[in-house]
Each structure stands twice: as C-alpha cells, then as structure tokens.
Protein chains: 2
Amino acid sequence: MNKYSVLNENPFGRQKDFAKMTGAERQTYKKNDIIMQFDDKRSDIGLMETGLSYLVGINAAGEKNILDYYESGNIFGNAFFPHKPVNLYYVIAKTKCTLYKCTYDNMINCCRDDYIEHTKMMNELIISSAQRKQMHVDILSQRTIRNKLLTYFRYIAKDSEEQQIHIPLNLSDLADYISVDRSAMMREIKNMNKDGIIVSKGQIITLK
Amino acid sequence: MNKYSVLNENPFGRQKDFAKMTGAERQTYKKNDIIMQFDDKRSDIGLMETGLSYLVGINAAGEKNILDYYESGNIFGNAFFPHKPVNLYYVIAKTKCTLYKCTYDNMINCCRDDYIEHTKMMNELIISSAQRKQMHVDILSQRTIRNKLLTYFRYIAKDSEEQQIHIPLNLSDLADYISVDRSAMMREIKNMNKDGIIVSKGQIITLK
DNA sequence: ATAGATAAGTTGCAATTGCAACAGACAATT
DNA sequence: AATTGTCTGTTGCAATTGCAACTTATCTAT
C-alpha cells in the first residue's frame, strides 16, 4: 500500500488545518457559480469542503470538456497548470459548494514553527492533485469506451468493500470526463450489462 | 505568466541540488533498461539528468500505453500514483539515461537548516509533475486526432520563438502518447499538411 | 559495407464511435 | 398540480478511427 495516496481519503479537520496554516478564507458558492478562472494572472489555491465542482476546459472551437472534478478534500488551482495553457479553463460549481481559498504563496511560505506538519500536509495535498491527474490520464489513454469505463470503475471501487460503486458524476458528465460521446457510452454500458461484466442502474454500478 | 511553471525549464544545477539535499544516488541506465517498477511496495523518486525515459502502462489485455515521458529535470515516482493502480506500470529507458534516485521519505523529510529553499524546490518539482499530467489530460480529452496533435504542438511551442518545434518523441511513440493509432495519426498529419495548418517533416513541425 | 532492426509513410477495409434526433423518467419551481 | 428543465435511455446513419499489411527510409551494430 502506498501510504502517500490520498485519493479516497478525507481526513477529519484537513480543511480546518489548511485554513489555520495558510489563512485561507471560507467561501460559499451556489450551483453554476464560477469558482475560479484560469485566464488571469493570480494563482489562488482552492480546497473543497463540501459539494462538487468541475474543472472545465474550452478549446478554440468552443467545445467543452470536463478535465477534472473536485469533491471534499480535493485541491485545485492555477499553480497546477502548465505555463501558457492552450485552452480556456474555469472551475464551476456543479452543486452548492463550500471551500477554502488562499494564494499559492501563502500555502507554500508560512508556518515556520510547525513547518514539518505543514510541509507534510502541503505535499500530501499537492501530490493528491498529481495522483488524480495520473488516474485521469490512465483512463483517457484506454483506446475503447469499455476499457475507459472499466478503468474508471476500478479506480473508484475501494478494495476492501464489495464491488458496488456509486459514481459521483451523472452519466452525461461521466461521458464528458472520460471524453466520449454520451450516447456511445450509454450503448457501451448496455452492452457491458448484456455481456455480464457489470450490473448497472444509472450511477449505481456493480462490477462482476 | 505563471511563475510556478517549470514545464519547459531546466535550471542549471537543479539535479545537483536535489542530490545534495536528499542524498540521492546518481545512476546510469542503458537503452531498454527498466528504471523503476511500480508493482512493488517501495516509493522511490527519480529525477532525470540526461536521456529520455517512458512511463509505460499495461492493461489487463496486455496493451501498452505511453502515459508520460521524462527528460532532463522531470521527476517521477510511485508517490505520484493513486493507491491501488489498476494496471501495471514501469519506467523504461528509451535512450541511455542518467538520473538521481532517492526515497520519497528522504525527499520530503530532510534539510532542516535550509528548509525554505528545500521546500520551494520540492514543491516546484512536485508541481511540475502535476503540470505535465494536466497537459497530458488536456491533450487526451480532445476528441479528434487533429485536435490532440494541435493541443500537443501548442504546448510544446515556446511563445517567444518561431513556431517551429522539434518533437522529443518519435512519431510511433507520439501516437502512443496521445493514445491513437499510428497509421491514423500519420494520415491526419498528411491531411493537416494538405490543409496548410502545419508544415512537417518527421519530428520537425512548423505551425502555421 | 552489409545485414538487421527500427521508424516513416501509405492504403483498403472493417468497426467503433460520434452525431442527430428522438421518447420517457425524474427533479425542481411556481 | 402543472410546467419546465435536466437527465436517462435508444437507434439509424455517417464518419472517423483502428487494424492489417505493405513499401521505403533510416539508424545501428558487427
């Protein structure tokens, strides 16, 4: 077991510790609010407390993609973007959201006294972001819709429990996240049910 | 400009500083050597000095994908992987490589005296990894081969210089990296030349 | 220098996937 | 309770993409 993996963790008080260490401000957004835009020069960091938000990218043709999604404990920000991104990006509230926001500088340069705890926590947070992207790349690099879905499901499934999973995204948005056409994905889910690989009803899926 | 972006940077002495701070060991690998395997419990960190290496993932069907590639200054390691990866992964030397290796613990917990420099450097390194994955996700989430290629090219192109770029991967491996069939990619490159969007010869591409 | 291996480039054909356009279910709001 | 909007689920058809099978070019090592 990789002890640095925080993908499925949400340690109690993590957001509160974050706020105390960085001076982050607690904010509330309602559904469809823009939480953060990445076309400006500022480099804020957001840490989700409750709700669900999307990182959306828009390419030159105006096509939107869900590039990442954030739930309680997930971190996001311009700092995790390459210099000179080629598309437009923003984080939007899918549901009502509460989160903590601070500047990247505050996150990195603070808390001289308890710097060990601070450093460990910051690294955990930053690495969790990299881990999420690695998972996403792993999904997207699968060549068929079926393998994209299976890879995603296996990541979501926790090993110790039964193989029934609840997908945090609705099926329309899941199709977007794995970057395939929604109707084609629905067709493939139907085929997977027919082939006995999964049993699914909406966002509830049981792996066989 | 995002001052935390290190995608295209390779600060002089970065690897040497890394080694000094972490006690990392310098290693040499020849072409096709396995540099690191992610199926074990250890959590080593690698920092490339020279050469080119690939992060390769193999799914249950035995299909291989190039999930990432590492050149001078790039960092990689198990720590950037989600817990319980669903496929097999290894880092393999595409060319002769030199790199520095240390444990993740050594990278994170060392150098109390100059911890500010250390913290800044470690964060820069970790974030560069997240940035690379963000770029990759951005590429993979494009729905057509043409848009995958254009997104990749625009990331590679440096803004201040002319729009001629040299791709570090050969075309076979590029197809793998953007997760499309090689012959289909070649066909699309031909079409893009025909349409006047690019002028290309092998790995040398000029954006129009 | 030559052979062997690796990579670039091409094309026909098949298959998956995307697109469009539906109907029906469900949720939210007045 | 009715209306509006969002989401699920389905299918025919078209188009992109993948696969297979080549040839030619380039690199590598003996």
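Chain letters run A, B, ... following the sequence lines, proteins first, then strands; residues in each count from 1. If you're wondering where the values come from, they're calculated on a predicted model, not measured in any experiment.
- A heavy atom closer than 4.0 Å to some atom of DNA chain D occurs in G202(A), Q203(A), these being the qualifying members of residues 196-208 of chain A.
- Listed by first and then second residue, the ring pair (Phe, Tyr, Trp, His ring centres under 6.0 Å) pairs involving residues 166-208 of chain A are Y69(A)-Y177(A), H136(A)-Y177(A), Y152(A)-Y177(A) (not counting sequence neighbours).
- No side-chain donor from either of D105(B) and T103(B) sits under 3.5 Å from a side-chain acceptor of the other.
- A salt bridge links E49(B) with K16(B); the closest basic N to acidic carboxylate O contact falls under 4.0 Å.
- Electrostatic pairing of R146(B) and D195(B) counts as a salt bridge here, judged by a charged N lying under 4.0 Å from a carboxylate O.
- Distances were taken from every side-chain heavy atom of A184(B) (C-beta onward) to each of dG18(C), dA7(C), dT17(D); the shortest belongs to dT17(D).
- You'll find that the side chain of M186(A) is closest to dT8(D), out of dT11(D), dG18(D), dT8(D).
- In this structure, CZ of R187(A) is placed 15 Å from P of dG9(D), rounded to the nearest angstrom.
- Atoms NZ (K96(A)) and C1' (dA27(C)) sit 19 Å apart, rounded to a whole Å.
- For the pair R143(A) and E63(B), the salt-bridge criterion is not met [side-chain N within less than 4.0 Å of a carboxylate O].
- Interface remark: the S172(B) side chain does not form any donor-acceptor pair with the dA8(C) base, using a distance-only criterion of under 3.5 Å.
- D173(A) places its CG atom 14 Å from the P atom of dG9(D), with the value rounded to the nearest Å.
- Looking at residues 136-153 of chain A, you'll see that no heavy atom sits under 4.0 Å from any atom of DNA chain D.
- Formation of a donor-acceptor pair under 3.5 Å by the T22(A) side chain with backbone atoms of N106(A) is not found in this model.
- A salt bridge does not link R182(A) with D173(A): every distance from a Lys NZ or Arg NE/NH1/NH2 to an Asp or Glu carboxylate oxygen is 4.0 Å or more.
- At whole-Å resolution of the value, CG in N191(A) and C1' in dG9(D) are 13 Å apart.
- The phosphate of dA28(C) (OP1 or OP2) has no side-chain N or O of K31(A) nearer than 4.0 angstrom.
- The separation between L174(A) atom CG and dT8(D) atom C1' is 13 Å, rounded to whole Å.
- No donor-acceptor pair under 3.5 Å is formed between the side chain of Q203(A) and the backbone N or O of L171(A).
- Here the C1' atom of nucleotide dT11(D) and the NZ atom of K194(A) are 13 Å apart, to the nearest Å.
- Counted by atom type alone, Q134(B) and K133(A) present one or more donor-acceptor pairs between their side chains at under 3.5 Å.
- Protein atom CG of D181(B) is 14 Å distant from nucleotide atom P of dT16(C), rounded to whole Å.
- Checking the phosphate oxygens (OP1, OP2) of dA7(C), a side-chain nitrogen or oxygen of K94(B) falls inside 4.0 Å.
- Each of dT10(D), dG18(C), dT11(C) was ranked by its minimum atom distance to the side chain of R182(A); first place goes to dT10(D).
- If you measure from atom CD1 of I189(B) to atom C1' of dT16(D), you get 16 Å, rounded to the nearest angstrom.
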